[in-house]
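Quick note on labels: first sequence line is chain A, next is B, and so on, each numbered from 1.
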Amino acid sequence: MSPLSTLTPPLKKSSAIGYGRLRGGARYAPTLATLGLFLAMFAVGAGMYPSFLSGQVLLNLFIDNTFLTVLAVGMTFVILTGGIDLSVGAVVALSMMVCASLLQAGWNPSMVIPLVILIGGGLGTLMGLVIQYFDIQPFIVTLAGMFLARGLCYVISLDSIPVTDPFFTSMAQARIPLAGDLFISPGVLIAVAVVAVAFFILHHTRFGRTVYALGGNEHSAMLMGLNVKGTKVAVYAVSGLCSAVAGLLFSFYSLSGYSLAAQGMELDAIAAVVIGGTLLTGGTGYVLGSVVGVLVLGIVQTFIAYDGTLSSWWTKIVIGGLLLVFILLQRLFSRKTY
Amino acid sequence: MNKIVPVVQMDDIEIGFPGVKALDRVSFRLFQGEVHALMGENGAGKSTLIKALTGVYSIDAGTIVVLGESKRFSTPAESQAAGISTVYQEVNLCPNLSVEENILLGREPRRRGSIDWRGVRARGKEVLAQLHLEHVDPGSLLSEHSIAIQQLIAIARSVEVNAKVLILDEPTSSLDAGEVAQLFDVIRELRDRGVAILFVSHFLEQVYEISDRMTVLRNGCLVGEFMTRDLSRISLISKMMGKEMDVLAELDQAPVRIKSTSNASVVPFIETEGLGRKGSVSKVNLSIYPGEVVGLAGLLGAGRTEIARLLFGADKSDQGSIKIKGKPQKLRSPRSAIDANIGFCSEDRKEEGLIGDLTVRDNLVLAMQASKGWARRIPRRVQDQLVDEFITTLDIRPANPDALIRNLSGGNQQKVLLARWLVTNPELLILDEPTRGIDIGAKTQIQKLVAKLASKGMAVLFVSSEIDEVLRVSDRVAVIKDREMVAEVINDDISEHDVMAVIAGGPE
Amino acid sequence: MKSLLKNRLTWPLVALLALLALNQVFRADFLALRMQDGHLYGSLIDILRNGAPTVLIALGMTLVVATRGIDLSVGAIVAIAGAISCSYIASSSDPSSLATAGTAAAIAVVAGLALGVWNGFLVSVIGVQPIIATLVLMTAGRGVAQLVTGGQIVSVSNDHYKSIGAGYAFTLPISILITAAVFVLAAVLTRRTALGTLIEAVGINPVASRLAGIRARNIIWIVYVFSALCAAIAGLMISSNVTAADANNAGLYIEMDAILAVVIGGTSLAGGRYSLVGTVIGAFIIQTLTTTVYTLGIPPEVTLVFKALVVLSVCLLQAPAARNALRRFRPAPKLPAKEKVAI
């Protein structure tokens, strides 16, 4: 007796398995489209400039964008829940300022680095708590967080502070050789580690799955008995932690702390996440997609640098254009799905 | 022997919201291996009782005993831990996740802190197989599946935890007949396995088909607990509505309203044929002539509001057709209905009628202003004239056009909303529960007004849960049952009993 | 007295007066006005003049917020408007004439309007969430401005153009007069027509508005166009004040200040009833805060910390009311996603 075996399968579902596989592919479509775009841009670059087609150009994309990668990872968590974090750029700057000023004051990096991470995570947690328990829109709370962090930068110093600490300079200059004469920086290893950890958390822990459930339908997630409140606070904490790590990476990269650093970087991070295929309404997206999003932003810059005749502002215009295209695609996509 | 001790015993439950007592000393018992129907009209307290049991609301007084243990739930998670699972009408799962995840979310098998995806797949398949859903790919997205399958997946989630109690809240409201049959087979199988099932539905026939016992609630109070086979449909209805049949029979007097017999129009203002909308209502064949009041009768939740909304374009129909004054017309939006001279007062005054933070004046002229467009503001002088006129004729109090409408009483708010449409001079006015929750004086005034409007040539569709009220104001009555229009009767000397007999589905 | 306490303009006004009083305590001549060469001078005039662009943009933002929207692109529009007008003047054959200045301003304003049409299109026709729709222009807009200026800071020397932001008329700075004119325009536009009522209706209860037959699409489109218009005029003012277009920094973060002014002024980000006067007061509170920080001898950049505190305290003050209304009564609002407040 199997009462349900007669249930008519939905249309097109001639073979459940084949259909599933196809749909499985469709789930990754936005991210794959971004990857395709990246490869196409790389191919076009290689066609136009022979020197473009080198492993090092590719690796440089990672080296020059370690901090943005880490930021995009944190932002992915937040956006997956349907929230937004405007404070990340300012927290990067604050982390750099705290770092530079304490190092200048003679602190040991082994003290400074944990402290910076603690401040970033603490700020994020604080914003998450306000968002959850006072029910204020994430936009406004993280805007206040942005003002606060940026303001605190100025409280620390109005001028740029150079970083001369030997550990930091060695991190800045170190080259980790790969096959041939290819190399990466230690920052890349850290960024890759962050991405790997984030991937593991999002796809292999209950917390990660709750993040997705929250973005899919917060009310359902609550009724399913998931820890909605804690998760909501935690994603902002994760974003704060990532911002702090990004701040450290940016310090390694620039060897200074400057209050005006990372202006507008929150927009780059959001753009990378959206271009990487994460829906701004939450629930759908992949952290690896965000990494591809960062690479697309990076290659746009590289392209413009290689071209020589194109000016730097094309970067912004192209990013805005890509953002538009992906938002419109999302709109189309989400209309069909739900 | 297990039948002796209830799985769930709720005693003297009280829950209050600001201004309302949603549940007043309600008791409820649920036994192992039974399908128990919770009956009552909308607002009777069914959802509140369920939410008390599932930990969404916390109770103000009373006791809940589950499997012999006294419980006090403050979150859904606690209720679930006690073995209670719920499947809601609007499938509360995550559409963006896979089927297997939705079954196992929060309880995924883990190996050294990491989710064991193979284990998830295996367990997912196992649970789906138990419900004979082998053809559903556990890795596919939930949103790819029909609502019927999603319901079953929600049930699978509760099977997975070995739930002792399964609550099904309006699970069939968007399923077709075949899908309902499949669902019922699963319910029976689970019942036979010893699961206690609480079933809530507006569909009387379904309740009689599936349930063993029922508890009836009315206005937040317990009416009683009955064996389904012992309770006839008509007595169930009278218990839900709070009127004993013999009393009803006595009340069966000539309707108060004097019918407009001079109705010589041949072309109805509006005429529908097979009108319907998937998952909402179907087979609506209704015509309303100018100068005529047509009443919609049926239990709350039977589909009356849905019909009203289709006729106003608030929801788009996907079956059948509408003719206005004999010409086919599509009502795609409220705007297009308004342009066809139709007005609509929603049953949900607060959410769908009032612009709470605006004044009586602004609310009253809103529909007229919307028709004129933003640039052509109705001159203040005209506004004042209209507002004064309607404040006087409808006796709106306080008679202050600048009062915020949210500060008015329900009856006066309703009069303002009526006036909103009357100023636009509609040819058809759809009134959905225009007298709900307002005092008797305002109620009579509104009923009189309806009669007056009709005598001036307006077509009126009057929806009300009070059958006597429908009979009092209508020339004809359309009876709605289980989301279909089942009968249309001329209101000459029919009684409330006749209408209820139609709803109950047979000559009694 | 009770109605005074209940009036939502009371607290912003009290805050503004308290800030002014604080300044007066620290600088005895703070409130003094003096006449020189037929022009009024004084700290109050400075606050009015420096606050003018923020007031302008906040006025436009108020109407957008009232419809439950938000416009993040205003800063970018400021940059574009300045870039277009200054580039036009710099490249014209007669860079110092009145006609050139007038044409430049007109082109910039038309460009602003076009950008508003674009934003409105995305929000009302395509149905993109406002925050995301305007994010596109926020990102790309500065690039466009740099494209127009060729990446340079374009300086102009046109006295007529300069007078928009730095000139005087009737003893007052022209920028103040322009702002006042736009305020009057906004008030007339919303209160002499039915626009104001319909904007509020859509913001308060979109569902009921639809059932009353309001064409929300047009209303929403108009507010984005108006917001962009205000931003374009502010862009002219800012570039004229420094006689140069700085595509990178003109109007940077002004959208945040404008949103802040709207919120301080008592218009809820959840949409609905708005107050243009409240917004003006809110914008002047922000400007006075900046001035106060100066007066107290704190580095001006630290103003941001105070702003953060102001945002948080205003939001926390507004929060419990919203919470009580939402929470106890309906723990699970069943709003479909698109009807959520779009932020």
### Leu137(C), part contacting chain A, at a heavy-atom distance under 4.5 Å
neither
Got [X] and [Y] here, is their nearest side-chain heavy-atom distance under 4.5 Å?
X: Phe147(A); Y: Leu260(C); value: yes
X: Leu147(C); Y: Trp314(A); value: yes
X: Thr281(A); Y: Gln129(C); value: yes
X: Leu135(C); Y: Ile270(A); value: yes
X: Val136(C); Y: Phe326(A); value: no

In Å, rounded to the nearest 0.5 Å, how long is the span from [atom1] of [X] to [atom2] of [Y]?
X: Tyr154(A); Y: Leu304(C); atom1: OH; atom2: CG; answer: 6.0 Å
X: Ile317(A); Y: Thr139(C); atom1: CD1; atom2: OG1; answer: 11.5 Å
X: Leu324(A); Y: Ile132(C); atom1: CG; atom2: CD1; answer: 12.0 Å
X: Leu86(A); Y: Leu72(C); atom1: CG; atom2: CG; answer: 7.5 Å
X: Lys307(C); Y: Leu143(A); atom1: NZ; atom2: CG; answer: 9.5 Å

### Message
Sub-4.5 Å heavy-atom contacts with chain A: which residues of residues 114-122 of chain C show up?
### Response
Trp118(C), Leu122(C)
At a 4.5 Å cut-off on heavy atoms, which part of [X] comes close to chain C: side chain, backbone, both, or neither?
X: Val130(A); result: side chain
X: Leu148(A); result: both
X: Leu158(A); result: side chain

### Query
Do other residues, nucleotides or ligands put more than 12 heavy atoms under 6.0 Å from the OH atom of Tyr286(A)?
yes
### Query
Which pairs with one or both residues in residues 78-93 of chain A pass salt bridge (charged side-chain N to carboxylate O under 4.0 Å, His left out), sequence neighbours excluded?
none
### Task
Identify the heavy atoms of Gly320(A) and Ala140(C) that sit nearest to each other, and give their distance.
CA-CB, 3.7 Å
### Shortest non-hydrogen contact from Ala308(C) toward Ala144(A)
CB-O, 3.3 Å
#### Entry: Derivation of the side-chain contact (heavy atoms from CB on, under 4.5 Å) call for Phe139(A) and Ile259(C)
CA-CA 11 Å; Phe139(A) 179 83; Ile259(C) 294 166; 3.9 Å; yes
### Message
Filter on side chain to side chain donor-acceptor pair (under 3.5 Å), then keep only pairs touching residues 263-279 of chain A, sequence neighbours left out; what's left?
### Response
Gln263(A)-Tyr253(C)
### Query
For Phe303(A), what residues pass the ring-ring contact (aromatic ring centres under 6.0 Å, His included) criterion, not counting sequence neighbours?
Phe52(A)
### Query
Between Ser259(A), Gly151(A), Ala90(A), which has the largest tally of heavy atom pairs under 4.5 Å with chain C?
Gly151(A)
